[in-house]
Amino acid sequence: MIAATSFQASPVIQTDSDTGQLRDREPGGSSATRLAQRRTRLRPGSPLAKILRANALKAAVALLTSENRTLQESLEEERKFCAELRLALEKQRQAAITDPLTGLYNRRAMDHH
């Protein structure tokens, strides 16, 4: 099976014999415009395309690293908050089963045990 490949023919630039100015043999645009478009077009395997791809990957890694650091900091804050909640809950449990004046267990603690 033959794979279909796409390519663009490069514009053929000629000089006008009367004026000596550049002109396209192909219709649709000036030679300078076509030449500029051809120069800015990237081929997938070209060194410039590889450099641009590497720079894009570096930027993406930097962004993901920053987001990861932010998420880790947020996770650590949530862990501290959970620890504080656990401590407060344990204090409330102790307050619920002890007498505030004597510090002895009350009926709720006896029923629980």
Does Thr70 offer a backbone N or O that forms a donor-acceptor pair with the side chain of Ser74 under 3.5 Å? no
Working to the nearest 0.5 Å, report the span between [atom1] of [X] and [atom2] of [Y].
X	Y	atom1	atom2	value
Leu85	Gln92	CG	CD	11.5 Å
Ile97	Leu104	CD1	CG	12.0 Å
Ile51	Ser46	CD1	OG	8.5 Å

Donor-acceptor pair between Thr65 and Asn68 side chains, under 3.5 angstrom: no
If you count heavy atoms of other groups shown closer than 6.0 angstrom to NE2 of His112, is the number above 12? no
With heavy-atom distances below 4.5 Å as the criterion, would you say the side chains of Gln72 and Glu76 are in contact? no
Measuring only between side-chain heavy atoms, which start at C-beta, is Asn106 closer than 4.5 Å to Thr98? no
